[in-house]
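Report on the following structure.
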Amino acid sequence: MDPLYRPEIIEPLVQQHWEAKAAFRAVEDPTRPKYYCLSMFPYPSGKLHMGHVRNYTIGDVLARYYRMRGYNVLQPMGWDAFGLPAENAAIHNGVPPAKWTYDNIAYMKGQLKRLGFAIDWSREVTTCRPEYYKWNQWLFLRMLERGLAYQKTGTVNWDPVDQTVLANEQVIDGRGWRTGALVEKRDIPMYYLAITRYAEELLADLDKLTGWPERVKTMQANWIGKSYGVEIHFPLTPPGAKANPSEGWGPVLKVFTTRADTLFGVTYLAVAPEHPLALQAAASNPALAAFLEECRKGGVTEAQLATQEKRGMDTGLKAWHPFTQEPLPIWVANYVLMGYGEGAVMAVPAHDERDYAFAQKYGLPIRPVIRPAGDGEAGGKGQRPDIPTLPYTEPGILFDSGDFSGRRSEDAIEKIALVLKSLGLGDRRTTWRLRDWAISRQRYWGCPIPLIHCDHCGVVPVPDEQLPVLLPEDCVPDGSGNPLARRPDFVNCSCPKCGRPARRETDTMDTFVDSSWYYLRYCCPDNEQAMVDARADYWMPVDQYIGGIEHAILHLLYSRFWSKVMRDLGLIKYDEPFTRLLTQGMVLNHVFSRRTAQGGIVYFAPDEVEVVTDDKGRIVAATARADGQPVDYQGIGTMSKSKKNGVDPQALIDRYGADTARLFTMFAAPPELTLEWSDSAVEGAHRFLKRLWKTVYDHVQGGVVSAYREGELPPRLRDLRRQLHQTLQKVTDDIERRQQFNTAIAAVMELTNHLARLEGDDACTRSVRQEALELIVLMLAPIVPHICHVLYQELKPGACLTDASWPEVDLAALQRDELELVLQINGKLRGKIKVAADAGREAIEQAALMSPEVARFLEGRPAKKVIVVPGRLVNVVG
RNA sequence: GCGCGGGUGGCGGAAUCGGUAGACGCACCGGACUUAAAAUCCGGUACCUUCGGGUGUACGGGUUCGAGUCCCGUCCCGCGCACCA
C-alpha cells in the first residue's frame, strides 16, 4: 500500500475498474425494489460549473447509498441539448450549433466521468438527436388530435434581442429571462399547449407531493393562481330601453370579481386598453385611439414600469348596474390586464387600493359600502357606521347595499351570486392565473413543429410515418431571424393530404418541451417503435429528483403537466413524475469589483486579487495583483460569469482529485442552503482524506487481525464500539431520512478523530480498530467512493467495495451499564451524575439529591420538585 | 404590497420531539518536530469575571421546572410573485 494518498493515481484506476465491471448498469428486475435517482440534466454549455458538481454529487451520494442498501438503482444522465446559447456561439464562431453542442457534450461527459458518478451511461439521452425529438413531435400530434395543442394568433411577448417569442414564464419584470431585453408585444400565430385544462388537477395534486419542499409547492400554487369569485354582467343598454324583456339583456360588459359584496360601491367600470369595447369606442374617438396606442407601446417602457402610474380615459360609453339600474361610466385603464379574468373590472374605489388611486386622480365618486365587523356587529340594517380610512379592503359588514345590507361579506357574496344568476346577469366563477403554454419559437436550434402549410388544405399535421421531421444540422445562423426559413430543402415539401407543393412550419418548440419528459426516455432510450414501454412502468416515478430551485415553477410544472397528458393518453400509469424533490442551494463566492473612471464596474476574479484580513480573518481590504491598486470587496454573491467569481471544477479536480471536490461540496453546507466557496475549506476536506489514508495505512502495516470476542473487550474498547455504532445509526438517518450530508460527514470525522487517538496494538485493540475502519470506509463510500474503494481493498484483501452492503448497526454495542446525566439546579447546569443504566426515577432522584452540587446551591433548603428526563438530565427545583 | 424562508462565535455551520448552546470544519493563537520554512502532530479559542461564578442564539414581552426551539409584538436580511380585480 502506498503510504501517501495520491488521488491522481488511484481515481482513474478505480474508474477503470467500474467501467470494466459495468458496475452501474441498471437492469430491470421485478424481484428487487427499485430506486430511480435523477439529477436535472445539464445544458451542454461547454464545461461543468460548481453548481453541476454539487447537484450531481448529491444525486450520486443517494444513488450509491441506496445501491448499498440493496435497491436496484437507476441513475442516468443526458443533455438538454437544444437552445439559444448554441446559436449565439454559432453567430460568434461561425460553427454550426450541432457541432458546438456535440463537442461540448463530449467534453462535459469526460468531466462527469472524472468526478466518478455512478451513472448508467448506456441510457444517455440527448434531446437534439432525432431519435429523441421524434417523440416530441409524435406527442405534439396526439395533443393536436385532442385539442390539447392548438394554434392561435395572439399578442405575444417578443424578445427583440433573441428575435423570438417568449412564454409568460420567461418574461421577468417586463424583460426577457435570458437577454434582459425589454419585451415588446407582437401579434403572431402561435401554437399553445392547453395546460390550463389541467389547472385544477395540477393544483389539487400538490397535496400528494409529500416529498416536495413546501416552498416549491407554494410557488406552484401561486403560479396556478386559483381564485374564486363571481362573474357579473353589466348591461350596455338602459333597462328601460328594452322593447321586450324576453329578448334578454342585450350586449353586456362582463367583469370578474372576488369581492361581489362590494357591488353597491361600484362607481365606474374599467376595461383593459386591448378590450374590444375600448377598441370600438376608439374608432370614433381619436383622443382615445391615441391613448390606446400609447398604452400598447407604453406598457413595457422602463419609466412606466418604474412608476406604475395609473392612467386612464373615459370611453364615453355607459353600462347599467344590475341591481340599482344606475348608469356607470366605462373607462379604459392601464391597470386592467386583458389576460386575466374578462379584461374588465368593476371599480369600487372605497374598497380597492387601485380603484381608489384611480378615482382620486380622475375625480370619480367614492362610495363606501363595507364596514369592519367589529363589536357593533348586530348593528341592524342601514345603520351608518364609522367609516375607517379609505380604501378599506378587508371583508366586513355591508351597508347601503339594498337587501344585502347587514350581511357579512362572505355571506353576501353567495347571495349576490345567486340573485345575479336568477337574473341571468352573472354566476359564481373560478379564474386562474395560469395561461396556456405558448411553445412556438422562431429559432433554428430546436425541435421542428411537425406541421405543413398547404394553400389548399390549410395547416396539415405531418403523418406519423414521416416522423421525425429532421432538423438540418449544418445550418450556421447569423443572428437575424430563423435560418430554417431560408432553407428551401427544409421548407419545400408536398402536402400530405393533396400532394401539392406546400411549406413546412419553420417554428421550433420551446426547449422546455424537451425537458418535460426526458426522465421517461431514460427508461427505454433504445426503443425506436414507441415513446415509452413497460420498462417505464418498472422505473417510474422518479424516487428522488435533485436540481436547482430556479426550476421550481417552469420545468417542474411542465413536467407534471406532461405526465398527466401522457397518463390520459394511456402511455404511462402514474400521476406525478417526481416522488421526492431536493432543491439544492446555489454556490457562492467572494465578489471583487472596481468603479471605472467612466462610472462602470469591472469585476476581478478572486484569484486576481490579494486580500488583507484583520486579526479575526475578515477581509478588510483587497488589491488587484495586476496593478497593485485597491479593489472593493463586495461580500458574497452567486458564482457567475459576469462577476468573474466562478470556480472551475476542473482546476479543483486536477489539484485535489474528485473525492476532495465531492467531500467539500457535501460537507460545507446542508444541500438546500447556499454553499460558500472557500479555498481553505477545500484544503480541510483534502486534509481529512489524507489523515484517513494514513490511519488505514498505519493499521494495515500491522498485518492480519484476528476477530475479538465480545466478552473480552475492556471498557475503553466497548466505549469506542458504542460510539462507532451510534455514528453508524446517525449517518444512516442523516443520509436516508434527513438528507443532511454535512452532519453525517461531521459525525464520521469525529469518530475518526477518536480512533486516531486510540492507543495500543494488542490483538483486541487492533481487532476493534479494524472493525471501526471498515465501517468508516463503508459510511464514506457514497461520498468519496474512490479512496474508499482502495482502502476497503487494503482492509479486506479480496473484497470489492462495489459489492459491499451498507453495514448493520450492532444494537448490542449500543448497550451501556452506566449513564451520565446532566444535573440542573433551578434550570441551570451545575454538574453531572452517574447512574446505572437501568436506574429508576426514584434512584435517579436520590442520586441527584445526594450530590454535593445540590447541597451547595440549595444551601439546606428542601427541594420543591425534581424533574427527571430519562437518559438525559435531572432538574432539582429548590 | 402579498406569500414563503431566515437572523446562533471571527467565518461556514451543529443542536433531529421543549432538555448540556456552539458538534464538525475553517480561521486565529500557543507548543512539538526542523538550521529554517512548508507539511505534519499536540493543545487552546463565545463574552465578562473578584476564578465562586455571571451573561449569552436580532430586539421587547409571555408560557414553562427548563426556550435557539413554542406564543405575541418589533426590527433586519434573503427568495418568490407582483396593478391577478
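Just so you know, these numbers come straight off a predicted model, no measurement behind them. Here is the naming used below: chain letters follow the sequence lines, and residue numbers restart at 1 for every chain.
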Whether A:Asn334 side chain and A:Lys310 backbone form a donor-acceptor pair below 3.5 Å
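Side chain of A:Asn334 to backbone of A:Lys310, a donor-acceptor pair under 3.5 Å: no, none is there.
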Give a yes or no on whether the backbone of A:Ala344 and the side-chain of A:His275 come within a donor-acceptor separation of less than 3.5 Å.
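Answer holds: no.
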Suppose we call a contact any N or O donor and acceptor under 3.5 Å apart; does that hold for the side chain of A:Lys310 and the base of B:C83?
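Looking at the base of B:C83, it does pair with a donor or acceptor on the side chain of A:Lys310 (distance under 3.5 Å).
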Regarding B:U16, can its base be found pairing with the side chain of A:Lys730 as donor and acceptor, where the two atoms are less than 3.5 Å apart?
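For A:Lys730, whose side chain was compared with the base of B:U16, there is a donor-acceptor pair (under 3.5 Å).
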Does anything in residues 665-691 of chain A form a ring pair (Phe, Tyr, Trp, His ring centres under 6.0 Å)? List the pairs, not counting sequence neighbours.
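For residues 665-691 of chain A, and leaving out neighbouring residues, the ring pair (Phe, Tyr, Trp, His ring centres under 6.0 Å) pairs sorted by first residue read A:Tyr5-A:His686, A:Tyr656-A:His686, A:Phe664-A:Trp677.
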B:G52, OP1 or OP2 - any side-chain N/O from A:Arg830 closer than 4.0 Å?
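The answer is no; no side-chain N or O of A:Arg830 sits under 4.0 Å from OP1 or OP2.
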Below the 4.0 Å mark, does B:A14 have OP1 or OP2 next to a side-chain nitrogen or oxygen of A:Arg738?
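No.
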Using the P atom on both, measure B:U49 against B:U55 and round to a whole Å.
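So the two P atoms sit 15 Å from each other.
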Please report the distance separating the C1' of B:C4 from the corresponding atom of B:C11, rounded so that it comes out in whole Å.
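27 Å, rounded to whole Å.
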Going 5' to 3' through nucleotides 20-25 of chain B and flagging B where a protein heavy-atom sits under 4.0 Å of the base, S where only the sugar-phosphate is that close, and - otherwise, we get B--BBS
By the salt bridge (Lys or Arg N to Asp or Glu O under 4.0 Å) test, which pairs, at least two apart or in different chains, include something from residues 730-748 of chain A?
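Applying salt bridge (Lys or Arg N to Asp or Glu O under 4.0 Å) to every pair that reaches into residues 730-748 of chain A, excluding sequence neighbours, yields A:Arg69-A:Glu736, A:Lys730-A:Asp734, A:Asp733-A:Arg737, A:Asp734-A:Arg738.
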Both A:Thr218 and A:Thr674 contact RNA chain B. Taking the nearest nucleotide for each, which residue is further toward the 5' end?
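Going by which nucleotide is closer to the 5' end, it is A:Thr218.
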Nearest nucleotide by nearest heavy atom, which residue falls closer to the 5' end of RNA chain B, A:Arg757 or A:Phe857?
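Comparing both residues, the 5'-ward one is A:Arg757.
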Once ring-ring contact (aromatic ring centres under 6.0 Å, His included) is applied, do any residues pair with A:His699, and if so which ones, sequence neighbours excluded?
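None.
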Report the glycosidic orientation of B:G9: syn if within 90° of 0, anti in every other case.
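You should classify B:G9 as syn.
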Could you check if the base of B:G7 is syn or anti? Syn means the glycosidic torsion is within 90 degrees of 0.
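Anti, angle beyond 90° from zero.
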Go through residues 338-357 of chain A and report each residue with a non-hydrogen atom lying under 4.0 Å from RNA chain B, sorted by number.
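When residues 338-357 of chain A is checked for heavy atoms under 4.0 Å from RNA chain B, the hits, listed by number, are A:Tyr340, A:Val345, A:Arg354.
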Intra- and inter-strand pairs of RNA chain B in dot-bracket (Watson-Crick or G-U wobble, both distances under 3.5 Å; | for another strand):
(((((((..(((......[....))).(((((.......))))).(((....)))..(((((..]....))))))))))))....
Quick check with a 6.0 Å cut-off and a 45 degree axis cone: is A:Arg830 positioned over the face of A:Phe857's six-membered ring?
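Yes, a cation-pi geometry holds between A:Arg830 and A:Phe857.
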Picking from B:G80, B:A85, B:G54, which would you name as closest to the side chain of A:Lys828?
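Ranking B:G80, B:A85, B:G54 by closest atom to the A:Lys828 side chain puts B:G54 first.
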